[in-house]
Structure formats: C-alpha cells, structure tokens
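Since the structure comes first, as structure tokens, the remarks are kept for the end.
Order of the sequence lines fixes the chain letters, A, B, ..., with proteins taken first and strands second; residue numbering starts at 1 for each chain. Owing to the predicted nature of the structure, the values given are computational and were not obtained by experimental measurement.
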Amino acid sequence: MRDLQRLNHNSLIIYFGEEIDAGLLSSISHCRDCLLAHCGDLIIDMVPAYISLLVVFDDDKVSYAQFAALLRTLLATPSSAAAASQPQQFVIPVLYAADMALDLLSLSRKKNMLPQQLIDIHSAKSYTVYTIGFSPGFAYLGEVDRAIAAPRLARPRTKVPAGSVGIADTQTGVYPLELPGGWNIIGRTPLRIFEAEQGAFPMQIGDSVRFCAIDARRYRQLLGRSLLDFQG
Amino acid sequence: MGQLRVVKATALAIAQDRGRRGGQHLGLCQSGAADAYSYHWANALLGNLKSAPVLEICLGAFEAEFCHATEIALCGADMRAQLNGSPIKNWCSHRVKAGDYLRLNYPASGLRSYLAVLGGFLFNAALFSSIASVPREGLGFNGGAPISAGMCLPYAALGANKNRWRRCLIDALIPNYAADLQLDIYPAYQWQAFDDVQRQRFTHTTYTVSTESDRMGYRLDGQAVSYRGKQLISEGIALGAVQIPANGQPIVLLNDRQTIGGYPKIGCVTKASCSQLAQRRPGDKVFFNWRHFET
C-alpha cells in the first residue's frame with residue numbers, strides 16, 4: 001500500500017502503485033481478502049481497479065478514524081493475511097466469424113495481416129482481469145499483443161450485441177449485455193457471462209482468461225449456456 | 001395484502017430504496033434514492049425500516065388508488081398532493097382508507113418526491129439487498145423499467161394505526177429547493193493536480209444545472225476548469241465525485257454513476273449536498289464551497 005486517501009463521509013481509496021502492472025493485482029486482492037475476513041461486517045462495497053482499491057464502509061457502525069486505523073493495522077501485519085484466494089482460470093469459446101466479428105476484417109486490414117492471423121494472436125495469450133466496471137459483468141482484460149492493439153472506434157455503436165468480444169487499446173473484453181460501445185468487435189461468445197437475475201459474475205481481478213476459437217456448429221450447441229457452468 | 005393501483009405515471013417514476021450493497025465490484029452501480037435526505041424522512045415519519053422500498057417520482061403527473069387502508073408519507077419536492085381531491089401536506093404522514101385516490105402535481109420547485117407506505121412496498125428483493133430500478137442496466141424491480149399505469153404495487157395490509165399520532169417534519173428541517181445551492185465539497189482524488197488558480201475559479205463561479213442532468217450525474221455549465229496533470233488510470237468512483245472532463249465543465253456524479261472511470265476528479269460533494277443537488281432542475285444555480293474533513 002502506497003497511499004490511503006479519504007474521499008467522502010464513508011469512502012476511501014488505497015493506491016498500490018503508479019503504473020499499471022499485473023504484479024499489483026495480487027496485492028490488491030490480498031488487501032481486499034484481508035479486509036473482508038477481518039472487518040467484512042463494516043464494509044458496504046469495495047472496487048478494485050488496476051492500481052487502486054476503493055472501500056465504502058458503513059458509517060452507521062464505525063467512524064472514518066476508527067476504520068482507517070483498523071485498516072492500517074491490518075495491512076501492516078503480514079500475518080493477518082487471509083488465506084489468499086487462488087486466481088481462477090477461464091476459457092471463453094469465441095466464434096470469430098464475419099457476421100459476428102463486426103470489425104475483424106477492417107481491423108486486420110489496418111494491421112496488415114490476414115483475419116486468421118489476428119484471431120491466432122488474440123487466442124494465443126492468457127489475459128489477466130484488471131478490473132470490472134462500465135457495466136455489470138464487464139471485465140477489462142489485458143494485455144493484448146501490440147500487433148493487434150487498436151484505439152476505440154471513432155464512432156461508437158449505439159448497440160453492441162451481448163457476448164461480443166472486442167479490443168480497445170491494449171485491452172480486450174466481452175460485452176455481458178447489449179450495450180452502446182466503441183470497442184473493435186472481433187467475435188462473439190455463445191455463453192452467458194453475466195447472470196442478471198442473481199447479479200452473479202464469476203470473475204475477479206487477478207483471474208486469467210483465454211479465448212478459444214470455435215465453429216458455427218459448436219456456437220449453436222453452446223448458445224445460452226452460462227459461463228458459471230461451462231469451463232473447459 | 002394491500003395494493004396501490006397506478007392510474008397514471010411518467011417514465012420518471014421508479015422503485016427505489018437505499019441502494020445496493022456489495023455489487024459495485026461487479027460493475028453494478030450503487031443506485032438508491034437520489035435525495036437520500038427526503039427518502040430517509042419519508043420512511044422515518046412512518047416508523048419504517050431505513051431501507052424500506054419507496055417510489056421516487058419526478059415532476060408529478062402521478063395518480064394512484066389505494067386498495068387497502070394504510071398510512072403514507074410524501075417527502076421531497078412539494079407536488080401539491082391531493083387525497084380524494086383535498087390537499088395533503090408534504091413532509092407529513094397521512095392515514096389512507098381503501099379506495100382513497102392520490103394525485104401528485106407538477107412542483108413549483110424541486111424535482112423528486114418520495115412516496116412511502118407503512119411497512120414499505122413489498123417489492124421482492126433483490127440484488128445485493130436492494131430493489132432499486134436501474135434502467136440503463138435493465139436490473140432491479142420491474143427489470144429496471146419505470147412504474148407505469150396499470151401496475152398494482154403491493155404493501156402489507158396493516159391498516160392505519162388509529163392510536164398513532166400523525167407525524168410531520170418541523171419547518172426548520174424542510175429544505176428550500178428554490179434557493180441557489182451551495183455544494184459543499186471535500187478536496188479529494190486529483191485535487192492537488194489542479195493549481196490554485198483553477199481551485200479559486202472553481203469556487204468563485206456560479207454554475208448552472210444543464211439539461212444533461214440525471215440520476216447518473218449533474219452536468220454543470222459555467223467557468224471551465226482545466227486539468228493539466230498526467231493521464232489517469234481508471235479507478236473506483238465515490239458518490240459525489242466531481243469529474244472534470246476535457247471541456248472543463250464539472251459533472252457531479254450521483255447514484256447511478258458508473259463504478260469506475262478515468263477522468264480527473266477535483267473532489268467529492270458531501271452527502272447532504274448531493275441530496276439537495278438531486279432536487280435541482282436545469283437552469284438552477286449552484287456554487288461550490290471547500291469543506292475539510294474533521295481530524
């Protein structure tokens with residue numbers, strides 16, 4: 001922990017570094033797990049993102065001074081580490097085909113490569129979850145190979161179909177719902193990755209995600225299955 | 001079980017409560033009553049739980065019939081409410097009989113009224129302990145959609161307690177939504193990256209609430225504030241955070257804000273000021289005042 005800053009009546013933010021670094025994610029996860037284990041009943045929300053952790057505490061139960069003191073004590077004591085939650089691994093099947101891969105052709109042309117090369121590069125790597133936000137169940141995954149990194153579309157779409165897999169700068173991700181968006185769409189997953197009814201989403205920061213190419217037949221077989229049930 | 005039969009409602013009438021707890025790390029916004037102060041009093045006047053579900057109604061145009069006896073309270077903007085054609089006071093509890101007809105009209109000042117019923121509305125929970133409707137997420141009561149004519153909203157058929165005194169909030173605690181609003185703001189986030197000139201400008205300007213203002217945030221028109229610091233990395237956004245986008249026009253982020261963002265922020269507006277701001281309409285005037293944390 002580098003810096004703790006009070007934000008308002010019931011929120012504070014902890015900064016763990018100054019630059020994005022996958023190595024920071026385990027410090028952030030550890031801090032989050034520690035807080036949950038030792039004072040979970042005082043915490044309303046926690047939002048981990050890249051280099052920081054926002055904490056919203058219950059100011060009906062504890063004052064800022066008390067909570068900050070508790071937090072500093074917990075984090076200063078190495079032995080107060082909760083059993084670190086192990087990062088999970090996810091595999092997301094993707095149909096990288098023209099009618100779903102809305103920007104695949106234009107992006108591969110821009111990158112001077114064949115669409116298949118772009119697909120191979122995208123699906124070769126294991127990505128890390130850096131944060132979840134913008135919409136329920138939208139995980140920001142990094143980092144994509146520079147060769148396929150691309151800025152957001154100059155004109156975002158008003159509707160990106162649910163399940164769309166996209167690239168924005170050096171990040172990739174899956175749209176959990178139909179949403180407006182400016183990411184470069186290169187394919188679509190048949191899986192339901194966010195369970196709206198329960199508000200359930202299985203990924204956490206630090207988890208790893210790979211994409212694997214499937215064909216149209218497999219897409220139809222998997223359509224509507226939940227990411228929660230499907231692994232492998 | 002009691003039912004409130006909705007006869008007329010606009011798209012600005014939604015089910016709300018104190019907001020979700022424990023969903024922000026998954027990207028679900030906090031949501032909850034935008035004017036937390038009025039929401040609190042609507043429930044407190046009835047002795048309800050602090051988190052009891054209510055209706056958040058904007059700008060009147062709401063009519064409904066109570067199918068069973070109960071008690072209600074209306075707090076927030078004065079919508080010149082009428083029960084069976086007779087006016088009933090804002091910021092007060094009222095007994096209601098089966099068949100009573102409620103009508104809310106366009107308020108002279110303020111934006112939102114909170115309608116609470118004895119025991120709270122019985123909306124099924126819920127996501128992270130909340131029934132709050134969030135249209136842009138399609139989540140919450142009624143799939144995030146607003147209240148509409150024809151709906152029957154359930155409440156416990158407790159009847160009115162004839163032995164209970166009627167409760168009203170004292171005048172001294174009733175806010176004046178017609179006044180120019182002072183927004184108390186804590187210096188926070190990237191406030192140090194704004195130089196003295198910018199910080200001075202920021203508090204010596206009267207801003208006007210723009211038409212691009214809603215439950216996600218209020219965009220203010222006025223003196224631009226410049227940020228010349230380094231590019232930011234997306235981080236969690238606290239309630240009341242004041243974002244300074246590229247055009248320098250401040251945005252005060254409220255309950256339905258996105259959970260993370262990478263624009264610079266000059267500070268956080270206090271909870272009380274957020275409640276007041278949520279009652280302002282386009283054209284209303286606001287100004288900022290630095291407030292410091294008690295040590």
Side-chain angles (χ1 to χ4, degrees), chain A residues 5-15 17-21 24 32 36 40 43-56 58-60 63-65 68 130-140 171 176-180 194-205, chain B residues 18-30 36 50 125-130 134 136-140 143-144 184-192 230 232-242 257-262 265 267-274 291-295:
Chain A
Q5 196 201 109
R6 186 168 185 191
L7 299 176
N8 66 12
H9 64 289
N10 70 352
S11 313
L12 53 86
I13 192 163
I14 306 168
Y15 292 103
E18 305 212 346
E19 305 291 336
I20 296 178
D21 174 359
L24 286 179
R32 176 203 59 206
L36 274 177
I43 293 173
I44 292 174
D45 265 308
M46 288 196 281
V47 185
Y50 300 101
I51 60 168
S52 66
L53 179 68
L54 177 97
V55 182
V56 184
D58 190 341
D59 64 327
D60 283 341
S63 70
Y64 172 78
Y130 278 88
T131 188
I132 299 162
F134 158 65
S135 126
F138 193 107
Y140 286 78
Q171 297 181 109
L177 311 162
E178 182 185 81
L179 293 163
F194 174 69
E195 294 301 327
E197 292 226 352
Q198 301 108 297
F201 185 65
M203 297 185 197
Q204 294 190 105
I205 61 154
Chain B
R18 75 172 169 186
R20 290 110 164 225
R21 298 192 152 198
Q24 287 194 53
H25 67 291
L26 299 183
L28 278 87
C29 70
Q30 171 189 340
K50 283 208 279 203
L127 283 176
F128 301 102
S129 317
S130 168
V134 182
R136 72 174 171 76
E137 291 176 352
L139 297 176
D184 291 328
I185 179 172
Y186 297 118
Y189 284 112
Q190 291 81 42
W191 71 281
Q192 284 169 318
K230 57 179 183 170
L232 288 185
I233 297 167
S234 255
E235 57 191 353
I237 305 181
L239 180 70
V242 180
R257 69 196 180 282
Q258 286 172 344
T259 53
I260 58 173
K265 296 167 279 298
C268 285
V269 168
T270 66
K271 182 178 173 181
S273 288
C274 284
R291 167 100 170 247
H292 295 276
F293 293 116
E294 328 80 39
T295 35

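- The two residues B:Glu235 and A:Ile13 have their closest heavy-atom pair at OE1-CD1, 3.8 Å.
- Note: B:Cys268 leads B:Gly267, B:Gly261, B:Cys29, B:Cys268 in heavy-atom pairs under 4.5 Å with chain A.
- Residue B:Leu28 touches chain A through both its backbone and its side chain, counting heavy-atom pairs closer than 4.5 Å.
- With chain B as partner, the option from A:Tyr64, A:Phe134, A:Phe201 having the largest number of non-hydrogen pairs under 4.5 angstrom is A:Phe134.
- Taking a cutoff of 4.0 Å between a charged side-chain nitrogen and a carboxylate oxygen, A:Asp60 and B:Lys50 qualify as a salt bridge.
- Proximity to chain A (any heavy atom under 4.5 Å) is restricted, for B:Arg20, to the backbone atoms N, CA, C and O.
- Of the listed residues (B:Gln258, B:Lys230, B:Arg257, B:Gln30), the greatest number of heavy-atom pairs within a distance under 4.5 Å of chain A belongs to B:Gln258.
- No part of B:Thr270 comes within reach of chain A, as not one of its non-hydrogen atoms sits under 4.5 angstrom from that chain.
- A donor-acceptor distance shorter than 3.5 angstrom exists from the side chain of A:Asp45 to the backbone of B:Gly22, with no hydrogens or angles considered.
- Although no hydrogens or angles enter the test, the distance criterion places a donor-acceptor pair under 3.5 Å between the side chain of A:Asn8 and the main chain of B:Leu239.
- Residue contact with chain B, scored on non-hydrogen atoms closer than 4.5 Å, involves the backbone and the side chain of A:Ala196 alike.
- Taking B:Tyr186 as the reference, B:Phe293 meet the ring pair (Phe, Tyr, Trp, His ring centres under 6.0 Å) condition, with sequence neighbours excluded.
- Options A:Ala65, A:Pro176, A:Ser135 differ in how many heavy-atom pairs under 4.5 Å they form with chain B, and the most are formed by A:Ser135.
- Contact record, A:Val56 with B:Gln24: CG2-NE2, 4.5 Å, taken as the closest heavy-atom pair.
- Annotation: maximal heavy-atom pairing with chain B below 4.5 Å, among A:Leu12, A:Ile44, A:Ile205, occurs at A:Ile44.
- To the nearest 0.5 Å, atoms CG (B:Leu232) and OH (A:Tyr50) are separated by 12.5 Å.
- Proximity of a side-chain donor or acceptor of A:Gln5 to a complementary backbone N or O of B:Tyr189 within less than 3.5 Å is detected.
- Only the side chain of A:Asp58 comes within contact range of chain B, with at least one heavy atom under 4.5 Å from a heavy atom of that chain.
- Closest approach of B:Gly236 to A:Ser52, counting heavy atoms only: N-OG, 4.5 Å.
- By number of non-hydrogen pairs under 4.5 angstrom with chain A, the leading residue of B:Leu26, B:Thr259, B:Leu139, B:Ile237 is B:Leu26.
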